[in-house]
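What follows is a set of notes on a single structure, which appears directly below.
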Amino acid sequence: MRFYINQEHLKTEIEYPDRYRSQNLIKSSVVVFLIILIFLLLFKPFGVYDPELKMHYLFICFFHAFAPALILLCYFGVLHNFRKTKKQPKWNLFKEYIHIGTLLFLIGAASFLMRDLLYNNPDNWSWNYFYEEIRNCFVAGIFFYLFLRLSSFYLETKKGSPFVLQFIPLAAEPVKQTLENNLFITTQVKQDDFSLDIDELLFAKADGNYIELIQSKKNQVFKEVKRISLTQFESQVADYPHFFRCHRTYLVNMFKVEKVSGNSQGYALSFNETDLKIPVSRKQIDNFNNYYQELRNKYTA
């Protein structure tokens, strides 16, 4: 039986998870510390041999729980600041798994380095114990990570953030009967005013005081840059109900969306005309689902 991995799912761009952001890292680290501490106290995993202990088992549990929490705080704190400095907004599940694997390796290495502090054993610095600490960390860490992800999934569903399980492209015909296709857009500078064919627009992307208009005409995709903010542009297409602000930097033509992929961390919208994908931020998932359902009820009935 062939082992299959959905690479597109792993590489689909999602928003950087809130649990790794600076404002939530302390809370995440405290949760990790408490769960590991309780687990170690209750179950004494991996065969604890009492005569080897240099201190009371409670203190050993404290060190084994404190080290992962501290490494998590430092690792993702540095990563978040690096991403912020380098302006790297892209994130996907593949990157997350790579960073989680690196984190587990560092935690295993830290557990190995702490052995002389915690245990009386002449073989503390052997390769065998190094391998055991790394192995045990990966075995326990993977289950722990899955537990946290399942818990996060449960909490998200309790909040009412369902996934888009089946996306049916919307029909544009009813709008064409009531609104003009060509719209004149005014800017702050009169000579920069321009006409726009609404039916050709896939999405608009903010770029400071400018926007990029990604359009499709006769199966050819082209980009135009106009001097107007996305908020100003959005207000001028407000009469066209099929435009949705899916992200702070994106305004999408819902009639052009052909596929929705992603999870509770964010969606990615795809089009027939281009391989470009645009994100739906985590904060906008509920609004996107509700807006899509409204349009579907109105225009596909």
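What you see is a predicted model; the values in this text were computed from it and never measured.
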Does the side chain of [X] reach to within under 4.5 Å of the side chain of [Y], using non-hydrogen atoms?
| X | Y | answer |
| --- | --- | --- |
| I228 | I185 | yes |
| V225 | D207 | no |
| F76 | L103 | yes |
| S195 | N182 | no |
| Y145 | L104 | no |
| E96 | W91 | yes |
| K205 | Y250 | yes |
| N120 | K54 | yes |

Look up atom [atom1] in [X] and atom [atom2] in [Y], then write down how far apart they are to the nearest 0.5 Å.
| X | Y | atom1 | atom2 | value |
| --- | --- | --- | --- | --- |
| L79 | Y20 | CG | OH | 10.0 Å |
| F147 | F144 | CZ | CZ | 7.5 Å |
| F33 | I26 | CZ | CD1 | 14.5 Å |
| K259 | Y267 | NZ | OH | 14.5 Å |
| I278 | L269 | CD1 | CG | 5.0 Å |
| I142 | Y97 | CD1 | OH | 11.0 Å |

Do [X] and [Y] land in one hydrophobic cluster if side-chain heavy atoms of ILVMFWY residues count as linked below 4.5 Å?
| X | Y | result |
| --- | --- | --- |
| M55 | Y57 | yes |
| V31 | L146 | yes |
| Y131 | I134 | no |
| Y210 | L201 | no |
| F63 | L58 | yes |

(request) Take D239 and L183 through the side-chain contact (heavy atoms from CB on, under 4.5 Å) test and state the conclusion after the steps. (result) CA-CA 10 Å; D239 290 337; L183 179 65; over 6 Å; no

(message) Parallel, tilted or perpendicular: which one describes the rings of Y240 and H242, with boundaries at 30° and 60°?
(response)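 Perpendicular.
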
(message) In terms of relative ring orientation, are F288 and Y292 parallel, tilted or perpendicular, with 30° and 60° separating the classes?
(response)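 F288 vs Y292 ring planes: parallel.
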
(message) With a 6.0 Å cut-off on the ring centroids, do W125 and F130 count as close?
(response)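 No, the ring centres sit 6.0 Å or more apart.
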
(message) Could you check whether F138 and F105 have their ring centres less than 6.0 Å apart?
(response)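 When the ring centroids of F105 and F138 are compared, they turn out to be at least 6.0 Å apart.
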
Residue pair [X] / [Y]: nearest heavy atoms and the distance that separates them:
| X | Y | result |
| --- | --- | --- |
| V139 | F143 | O-CD1, 3.0 Å |
| I211 | A206 | CG2-CA, 4.4 Å |
| L72 | L25 | O-CD2, 4.2 Å |
| A110 | I71 | CB-CD1, 3.6 Å |
| S29 | L73 | OG-CB, 3.4 Å |
| N253 | I198 | ND2-O, 3.6 Å |

For [X], is the [atom1] atom crowded, meaning more than 12 foreign heavy atoms sit under 6.0 Å from it?
| X | atom1 | result |
| --- | --- | --- |
| R248 | CZ | no |
| N128 | CG | yes |
| N290 | CG | yes |

(request) Measure from the side-chain N and O atoms of N124 to the backbone N and O of Y119, and report whether any donor-acceptor pair falls under 3.5 Å. (result)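 Side chain of N124 to backbone of Y119: a pair is present.
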
(message) For the backbone of K223 and the side chain of E212, can you confirm whether one donor and one acceptor N or O come within less than 3.5 Å of each other?
(response)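 Judged by distance alone, no pair lies under 3.5 Å.
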
(request) Name all residues meeting the salt bridge (Lys or Arg N to Asp or Glu O under 4.0 Å) criterion together with E200; count only those two or more places apart in sequence or in a different chain, and write none if there are none. (result)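 Per chain and number, E200 pairs via salt bridge (Lys or Arg N to Asp or Glu O under 4.0 Å) with no residue.
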
(request) Go through the structure and list residues passing salt bridge (Lys or Arg N to Asp or Glu O under 4.0 Å) with R227, not counting sequence neighbours. (result)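 R227 satisfies salt bridge (Lys or Arg N to Asp or Glu O under 4.0 Å) with D192 once adjacent residues are dropped.
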
(request) Indicate whether the side chain of S281 and that of Q284 have a donor and an acceptor atom separated by less than 3.5 Å. (result)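 There is no such pair between these side chains.
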
(request) Given side-chain contact (heavy atoms from CB on, under 4.5 Å), test F203 with V257 step by step and report yes or no. (result) CA-CA 10 Å; F203 62 88; V257 178; over 6 Å; no

(message) What verdict does the side-chain contact (heavy atoms from CB on, under 4.5 Å) test give for D193 and F184, after you've listed the backbone C-alpha separation in whole Å, the side-chain angles of each residue and the deciding distance to 0.1 Å?
(response) CA-CA 7 Å; D193 295 350; F184 188 73; 3.5 Å; yes

(request) Quick one: name the residues clustered hydrophobically with F222, using the 4.5 Å side-chain heavy-atom rule over I, L, V, M, F, W, Y, and just say none if it's on its own. (result)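 So far as hydrophobic clustering goes, F222 is joined with none.
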
(request) Cation-pi check, K226 to F233: give yes when NZ or CZ is under 6.0 Å from the six-membered ring centre and within 45° of the ring axis, no otherwise. (result)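 No - K226 does not lie over the ring of F233 by the 6.0 Å and 45° rule.
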
(request) Might you work through the side-chain contact (heavy atoms from CB on, under 4.5 Å) test for Q215 and L196, ending with a clear yes or no? (result) CA-CA 10 Å; Q215 303 171 71; L196 175 68; 3.5 Å; yes

